[in-house]
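Counting starts at 1 for both ligands and their atoms, following the listed order.
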Amino acid sequence: MARLFNACAACHAIRKGAPDRNGPNLFGAMGAPVAGVSPRFGYTAALQRIGGRWTPERMDAWLTNPRRFAPGTSMGYPGLADPLARADLIAYLSAQH
Ligand code: HEC
């Protein structure tokens with residue numbers, strides 16, 4: 001599962017108190033406010049206007065196609081087509097709390 005996160009680690013740390021990179025630190029992402037996982041990060045208006053919190057369903061939609069979920073987002077990641085790989089990644093994110 002952590003191996004799947006390699007595709008994210010170029011831009012995201014996932015460790016308590018770790019600094020943001022190109023993308024925000026994702027420690028504690030599941031259940032956190034959308035565009036609020038790392039409050040110091042400069043999020044786009046595209047992601048901020050989504051509102052609410054990260055549920056497994058929303059995370060699945062985001063990771064399938066970030067630009068469809070939040071048109072105008074700055075997350076330069078095309079999406080992960082394999083649903084099983086997404087489920088594994090979401091389980092991994094859920095464990096990082
Ligand atoms: C090329 C850099 C890059 C890659 C690769 C990348 N991200 Fe991101 N990610 C970003 C940026 C930049 C943002 C902020 C987007 C915005 O503000 O619109 C972001 C935002 C996020 C958020 C929202 C955080 C919040 O506070 O709501 C999540 C969750 C996330 N990324 C997960 C992932 C996962 C999981 C992967 C790997 C499958 C990944 N990202 C790959 C750059 C990246």
Contact between [X] and [Y] at the side-chain level, heavy atoms closer than 4.5 Å - yes or no?
| X | Y | value |
| --- | --- | --- |
| Ser74 | Thr44 | yes |
| Tyr43 | Pro24 | yes |
| Leu26 | Gln96 | no |
| Phe5 | Leu93 | yes |
| Met30 | Arg58 | no |
| Arg67 | Thr73 | yes |

Pull out every atom of ligand 1 sitting under 4.0 Å from any heavy atom of [X], numbered as shown with elements.
| X | result |
| --- | --- |
| Thr73 | 15 (C), 16 (C), 18 (O) |
| Ala7 | 5 (C) |
| Phe41 | 14 (C) |
| Cys11 | 1 (C), 2 (C), 3 (C), 4 (C), 5 (C), 42 (C), 43 (C) |
| Val34 | 27 (O) |
| Leu63 | 34 (C), 35 (C) |
| Leu89 | 38 (C) |
| Ala35 | 25 (C), 26 (O), 27 (O) |

Original post:
Who's closest to atom 20 (C) of ligand 1 heavy-atom-wise, of Tyr92, Tyr43, Phe69, Trp62?
Top reply: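 Comparing heavy atoms across Tyr92, Tyr43, Phe69, Trp62, the nearest one to atom 20 (C) of ligand 1 lies in Trp62.
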
**OP:** Closest by any non-hydrogen atom to atom 12 (C) of ligand 1: pick that one out of Asn22, Asp20, Ile14.
**Re:**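 Heavy atom nearest to atom 12 (C) of ligand 1 belongs to Asn22.
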
Taking [atom] as the reference point, the nearest protein heavy atom with its distance:
| atom | result |
| --- | --- |
| atom 17 (O) of ligand 1 | Thr44 N, 2.9 Å |
| atom 23 (C) of ligand 1 | Trp54 CZ2, 3.7 Å |
| atom 34 (C) of ligand 1 | Cys8 SG, 3.4 Å |
| atom 32 (C) of ligand 1 | Leu26 CD1, 3.5 Å |
| atom 25 (C) of ligand 1 | Val37 CG2, 3.3 Å |
| atom 40 (N) of ligand 1 | His12 NE2, 2.8 Å |

Can you find an N/O atom of [X] closer than 3.5 Å to an N/O atom of ligand 1?
| X | value |
| --- | --- |
| Ala29 | no |
| Met75 | no |
| Ser74 | yes |

Subject >> Minimum heavy-atom distance between Ala46 and Ala70, given as atom pair plus value >> reply: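 Answer, listing the atom of Ala46 first, then Ala70: O-CB, 3.9 Å.
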
Applying a strict 4.0 Å limit to heavy atoms, is [X] in contact with ligand 1?
| X | value |
| --- | --- |
| Ala10 | no |
| Gln48 | no |
| Pro24 | yes |

How long is the span from the [atom1] atom in [X] to the [atom2] atom in [Y], to the nearest 0.5 Å?
| X | Y | atom1 | atom2 | result |
| --- | --- | --- | --- | --- |
| Tyr77 | His12 | OH | NE2 | 10.0 Å |
| Asp88 | Asp82 | CG | CG | 8.5 Å |
| Leu63 | Met75 | CG | CE | 5.5 Å |

Original post:
Transitively linked via ILVMFWY side-chain contacts under 4.5 Å: Tyr92 with Phe27?
Top reply: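 Different clusters.
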
**OP:** Report the relative orientation of the aromatic rings in Phe69 and Trp62; use parallel for angles under 30°, tilted for 30 to 60°, perpendicular for over 60°.
**Re:**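 Phe69 vs Trp62 ring planes: perpendicular.
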
**OP:** Measure from atom 8 (Fe) of ligand 1 to each N, O or S atom of Tyr77 and report whether any distance is below 2.8 Å.
**Re:**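 False for Tyr77.
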
Subject >> Asp60, Leu89, Thr64 screened by side-chain contact (heavy atoms from CB on, under 4.5 Å) with Leu80, the one that passes >> reply: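 Output: one option passes, namely Leu89.
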
**OP:** Scan side-chain atoms only and decide if Ser38 and Asn25 contain a donor-acceptor pair under the 3.5 Å cut-off.
**Re:**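 No pair is found: no donor N or O on one side chain lies under 3.5 Å from an acceptor on the other.
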
